[in-house]
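See structure below.
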Amino acid sequence: MVDPPNQSQRRVGIEISSSGLYAAVLENNNEIAATRSVLLDGSDNSVSELISLIQALKTEFGGFDRFGVAVPGLVDRASGRVALSANIPGHAEVDLVEDLKAATGMEIVLENDANAAAYGEFSLGAGRGSQNMFFATLGEGIGGAFIFNGEIWRGASGFAGEFGYIPINSEGKRLQDVASSANIIRRTRSRFHQDSTSSLNKLAEEAITLAEIITAAQNDDDFAQMMLKRTGIYIGTGIASVINLLNIEKVVIGGEIMQAKHLVLDAIVERTRKLSFEPSFRSTTIVESELGASSAAVGAALIGGQTR
C-alpha cells in the first residue's frame, strides 16, 4: 500500500515523452512550487537529458534525495525496467533506474506515465474524494490506469491499464489506431478537402496539427468539430466497456486532446451513456483532468517521494 505523503518534504517528479521532459517540484502541502520543461528531438533514450535536468533541479532547489520518473511504456515491477515502449523504444534497451542512480546518487522510482498521472489526479486533482477511479490520457498515445481502494492497480506484472489497445471493431482496430493525436491528424488530413467550407482548407496538408484542428473547432468550424466528436465517440466506446465491467466510481480524462474540452468531453459522455448499463452510468462521474499537463509529473513526484 502507498503511504500517505509527508507534507513537509519537497518532492520532484519528471515525465518523459518522445518530445520532451516535464518536471514538477512540490512543496508545503504538495502544492506545485515550480515546473520546468526541456524539449527533446526523440532521437535516443533521453538519459543524458534526464541527468542534466535532475542536476539542474538539484542545484536550483535542493532538499530532495529521491524522485519519481514517469515513462510512456510498460514497467516490469519485478525488474524495475521498461519492458516495452512504443514511443521511446530505446528505454527498453537500458536500465533507467540504475543509470540515473549512478549519475545522480539519488533514489529513483520508475512508473508508467498513465499510472503516475492517475495517482496525481487521485491525490491532488479531479479524482480527490473518490476511492475507485479510472484515468484515461489522450495524446501521443492512449493510456489508462486504475485506482482501486486508493491504490494504483498494476495487474500481475505491472502492465494493467493499456486502454489504447482495446479493440473497437470486429477487424481488431484498436482505440489508439483512431484516437491518438497522430491518428486524429491522419484522419483529418485524409478528408479535409471534402469540406470546402472548412477553415483547414487554407492550410497545406502537412501544416494541419492537433492544435490547428482544435482551434478551428473552437471557432465553430463544423468539419473540425465533427472530427473531434468522432474521436470522443471512439473514446466513449472504450470507457463504456470500463464502466460496464467495473462499475467504476469516477472517470478522469486528461491529455493533449482535452485542450478541446467540451468539444470532446460531451461526445465521450454521450457515447458512454448510450453503451453503458444505465444504473452503472448513473453511478459514475466523468470529468476532465484538473492538473492538465502536470498530472504525470505530479504523480511521479508523489510516488517517488514515498518511503518504501
Side-chain angles (χ1 to χ4, degrees), residues 2 4-5 7 10-17 20 22-37 68 70 72 111-153 161 163 179 181 210-211 214 218 228 231-232 235-236 238-239 242-243 248-270 272 283-306:
V2 175
Q7 300 297 308
R10 177 170 292 147
R11 301 171 184 277
V12 175
I14 300 173
E15 178 190 12
I16 309 174
S17 73
Y22 185 93
V25 179
L26 308 184
E27 294 181 346
N28 301 321
N29 292 315
N30 286 324
E31 297 175 354
I32 300 176
T35 61
R36 299 289 183 269
S37 59
E111 184 59 83
N112 167 266
D113 56 356
N115 284 349
Y119 193 70
E121 290 291 340
F122 173 77
S123 302
L124 302 175
R128 292 191 310 276
S130 62
Q131 283 297 303
N132 303 296
M133 186 191 100
F134 175 67
F135 177 81
T137 178
L138 318 177
E140 183 178 24
I142 303 294
F146 294 97
I147 303 285
F148 290 142
N149 296 320
E151 300 181 35
I152 299 170
W153 189 71
F163 184 54
S181 56
L210 183 61
I214 292 172
Q218 291 170 335
L228 293 177
T231 301
I235 298 295
I239 288 175
V242 172
I243 290 173
I248 204 78
E249 176 186 357
K250 182 172 279 190
V251 175
V252 178
I253 303 173
E256 182 184 14
I257 298 169
M258 288 311 297
Q259 293 173 21
K261 298 186 181 296
H262 72 90
L263 294 171
V264 171
L265 187 61
D266 289 353
I268 290 172
V269 172
E270 183 57 32
T272 304
S283 64
T284 301
T285 304
I286 304 175
V287 297
E288 179 187 352
S289 156
E290 289 183 8
L291 298 178
S294 299
S295 295
V298 167
L302 293 172
I303 294 167
Q306 289 153 352

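At a threshold of 4.5 Å between non-hydrogen side-chain atoms, the residues Phe146 and Val242 count as touching. The shortest distance between side-chain heavy atoms of Leu265 and Ile286 falls below 4.5 Å. Using a 4.5 Å heavy-atom cutoff, the side chains of Thr285 and Val251 are not in contact. Residues Thr284 and Ile239 form no side-chain contact, since every pair of their non-hydrogen atoms from C-beta on lies 4.5 Å or further apart.
Thr137 pairs by the side-chain contact (heavy atoms from CB on, under 4.5 Å) definition with Ala114, Phe135, not counting sequence neighbours. Partners of Ser294 according to the side-chain hydrogen bond (donor to acceptor under 3.5 Å, both in side chains) rule, which considers only residues two or more places apart in sequence or in another chain, are Tyr22.
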Kindly indicate, with the supporting measurements, whether the criterion side-chain contact (heavy atoms from CB on, under 4.5 Å) is fulfilled by Val264 and Ile235.
CA-CA 9 Å; Val264 171; Ile235 298 295; 5.6 Å; no
Test log, rule side-chain contact (heavy atoms from CB on, under 4.5 Å), inputs Ile147 and Ile152
CA-CA 5 Å; Ile147 303 285; Ile152 299 170; 3.7 Å; yes
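Nearest heavy-atom pair across Ala126 and Val287 is CB-CG2, 3.9 Å. Scanning both residues, Pro72 and Ile16, for their nearest heavy atoms gives CD-O, 3.1 Å. Taking both residues in full, the closest heavy atoms of Met133 and Val252 are given as SD-CG2, 3.8 Å, listed atom of the first, atom of the second, then distance.
Side-chain atoms of Asn132 do not come within 3.5 Å of backbone N or O of Phe148 as any donor-acceptor pair.
Evaluated for a side chain to side chain contact (heavy atoms under 4.5 Å, CB included) with Ser181, the options Ile142, Leu210, Leu138 yield exactly one hit, Leu210.
Pairs passing the salt bridge (Lys or Arg N to Asp or Glu O under 4.0 Å) check and including a residue from residues 122-143, sequence neighbours excluded, read Arg128-Glu290.
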